[in-house]
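Read the structure below first, then the notes.
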Amino acid sequence: MPSPALVEQIGSDSYAARERAREELARREYDAADAIGVGLTSDDLEVRYHCERLLIEIREQVIQRELDQFVAATGTDKKFDFPAWELLMDVLGDSQASRSLYVEMYRAEPETLKAVAGNAGDLGDRITARVQLLLRNNRGQFLQPTVKIGNVAAILFAGGAKETELGQGPNSQIYQLCYQPVFREALQSSEQSPLMKKLLTRFVAQTNDYSAYQGLNLLLQNNMQEEALATAVRLLEVKGAIAQPHIKQMSILTIAKSGDASFAPRLTKFLEDKSVCSQQNINKVQYKTEIRDVALFALLHLAKQEPKEYGFDRITPNPQFLVNVHTLGFKAEEERQAALDKWQQHVAEQAKQEDKQDDKQDDKQDDNAR
């Protein structure tokens with residue numbers, strides 16, 4: 001039966017006839033598109049309604065088939081015209097896992113991917129509006145969360161692009177998306193974990209405002225030690241308003257936990273930083289922790305020195321940051337200075353020993369030369 005006749009049959013009084021016509025038109029897909037388009041202008045409300053739904057169904061069928069072919073074509077030269085796939089491939093590589101993740105991203109955020117592909121001038125505003133909508137719709141949806149992994153992945157991908165300009169507020173909201181259970185589950189997935197970690201690390205690397213604290217915290221919470229270490233080093237070099245005491249202290253302790261003695265020179269300059277990061281009253285005695293106290297503890301840890309021998313006798317451990325910052329404070333400036341002086345003496349003694357070792361090595365080389 002010709003497609004126009006099938007479209008007319010959609011308005012039949014017989015339910016069976018309507019269903020046969022609808023199923024046949026759906027099977028013909030775009031071959032029946034012109035006839036369905038005419039049906040959209042029909043005077044029959046039933047015909048218009050079913051034609052609208054048919055077009056949506058046909059588009060969905062075609063897209064799904066193309067997406068299935070896209071994943072199946074992994075490792076081949078076959079090209080697909082999906083928005084921002086080439087850009088994502090540069091970040092995640094070309095694998096069945098990355099293509100499968102792209103399908104989820106396309107399903108969840110087609111407009112976001114189109115904006116990235118088109119390098120939209122208002123990309124930052126679009127991302128901001130989209131994130132706010134996702135968070136708003138997700139509130140209270142504890143049984144059936146509305147945020148999907150495709151949403152989070154696409155937003156991280158778009159937000160991590162160099163041309164994307166986001167402020168502290170939008171960055172902070174994107175980090176809120178990363179606290180959604182679906183994202184944490186993806187980070188535990190053997191297939192998706194490496195991909196999601198790359199997207200998160202890429203986004204964190206673009207964060208140079210106050211919200212960077214959240215990014216570093218996320219990396220640490222998800223045991224991404226190498227990425228957290230690189231982020232901590234970067235944040236300690238950032239100037240301006242972002243150089244807040246709590247960001248410094250977290251960065252310094254991250255280096256202490258994941259770094260080695262080669263990082264000591266980066267921390268030594270903070271031995272003069274008197275910024276206060278914590279104050280605590282115990283039995284009417286005030287203990288004050290400054291950035292230089294945190295830096296000294298970190299240096300002692302990297303040098304494998306016992307902190308208690310330097311006056312840190314209140315330390316309580318913290319699994320994420322080695323130690324609780326408020327337990328690093330001193331009750332008097334004299335105690336702090338004594339600890340700093342003792343460290344300088346240790347550094348001087350180590351330098352002397354290294355010089356002696358170098359002299360012995362030079363003498364040995366001279367003897368061999370003779």
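In this structure, the side chain of Arg48 engages the main chain of Ser42 through a donor-acceptor pair within 3.5 Å. Between the side chain of Gln9 and the backbone N or O of Ala17 there is at least one donor-acceptor pair closer than 3.5 Å. Between the side chain of Asn283 and the backbone N or O of Val285, no donor-acceptor pair lies under 3.5 Å. At distances below 3.5 Å, not a single donor-acceptor pair connects side-chain atoms of Asn151 with backbone N or O atoms of Val147. A donor-acceptor distance shorter than 3.5 angstrom exists from the side chain of Ser98 to the backbone of Gly93, with no hydrogens or angles considered. Between the Asp122 side chain and the Asp125 main chain, no donor and acceptor come within less than 3.5 Å of each other. Formation of a donor-acceptor pair under 3.5 Å by the Thr41 side chain with backbone atoms of Val38 is found in this model. At least one donor-acceptor pair under 3.5 Å links the side chain of Lys257 to the backbone N or O of Pro319.
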Give the C-alpha distance, both sets of side-chain angles, the deciding distance and a yes or no for salt bridge (charged side-chain N to carboxylate O under 4.0 Å, His left out) between Glu290 and Arg336.
CA-CA 10 Å; Glu290 300 178 357; Arg336 175 180 289 109; 3.8 Å; yes
Determine, stepwise, if the pair Glu24 / Arg28 fulfils salt bridge (charged side-chain N to carboxylate O under 4.0 Å, His left out).
CA-CA 6 Å; Glu24 178 59 24; Arg28 295 183 185 184; 2.8 Å; yes
Side chain to side chain contact (heavy atoms under 4.5 Å, CB included) evaluation trace for Val204 with Leu218
CA-CA 9 Å; Val204 172; Leu218 266 170; over 6 Å; no
For a salt bridge (charged side-chain N to carboxylate O under 4.0 Å, His left out) check, start with the C-alpha distance between Arg22 and Glu19, then their side-chain angles and the critical distance, and finish with the verdict.
CA-CA 5 Å; Arg22 190 195 64 77; Glu19 279 301 294; 3.6 Å; yes
How far apart are the C-alpha atoms of Glu111 and Arg130, what are their side-chain angles, what is the distance that settles it, and do they pass the salt bridge (charged side-chain N to carboxylate O under 4.0 Å, His left out) test?
CA-CA 10 Å; Glu111 297 305 315; Arg130 185 61 183 144; over 6 Å; no
Go through the steps to decide whether Gln249 and Phe321 satisfy the test side chain to side chain contact (heavy atoms under 4.5 Å, CB included), and finish with yes or no.
CA-CA 9 Å; Gln249 74 182 38; Phe321 298 111; over 6 Å; no
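If you look at Phe297 and Tyr310, their ring centroids are not closer than 6.0 Å. Checked against a 6.0 Å centroid threshold, the rings of Tyr213 and His246 count as neighbours.
Both tests pass for Arg314 against the ring of Tyr287: distance under 6.0 Å to the centre and angle within 45° of the axis.
Each ring pair (Phe, Tyr, Trp, His ring centres under 6.0 Å) pair with one or both residues in residues 161-203, not counting sequence neighbours, appears once here: Tyr175-Phe203.
Salt bridge annotation for Lys269-Glu237: present, with a cationic side-chain nitrogen under 4.0 angstrom from a carboxylate oxygen. Salt-bridge formation is not detected for the pair Glu104/Arg107: no Lys NZ or Arg NE/NH1/NH2 atom is positioned less than 4.0 Å from an Asp or Glu carboxylate oxygen.
Tyr106 pairs with exactly one of Phe70, Phe82, Phe157 by the ring pair (Phe, Tyr, Trp, His ring centres under 6.0 Å) rule, that one being Phe82.
For Glu46, the salt bridge (charged side-chain N to carboxylate O under 4.0 Å, His left out) partners are Arg18, not counting sequence neighbours. Residues passing the salt bridge (charged side-chain N to carboxylate O under 4.0 Å, His left out) test with Asp44, sequence neighbours excluded: none.
In this structure, Val276 is not a member of the same hydrophobic cluster as Val325, with clusters built from ILVMFWY side-chain heavy atoms closer than 4.5 Å.
Atoms NZ and CZ, from Lys114 and Arg126 in turn, are 10.5 Å apart once rounded to the nearest 0.5 Å. Interatomic distance, Leu216 CG to Glu227 CD, rounded to the nearest 0.5 Å: 11.5 Å.
The nearest pair of heavy atoms linking Pro245 to Ser275 is CG-CB, 4.0 Å.
Counting heavy atoms of neighbouring residues, nucleotides and ligands inside a 6.0 Å radius, atom CD of Glu333 exceeds 12 of them.
Val116 has its side chain out of reach of Pro83: every pair of non-hydrogen atoms, C-beta onward, lies at least 4.5 Å apart.
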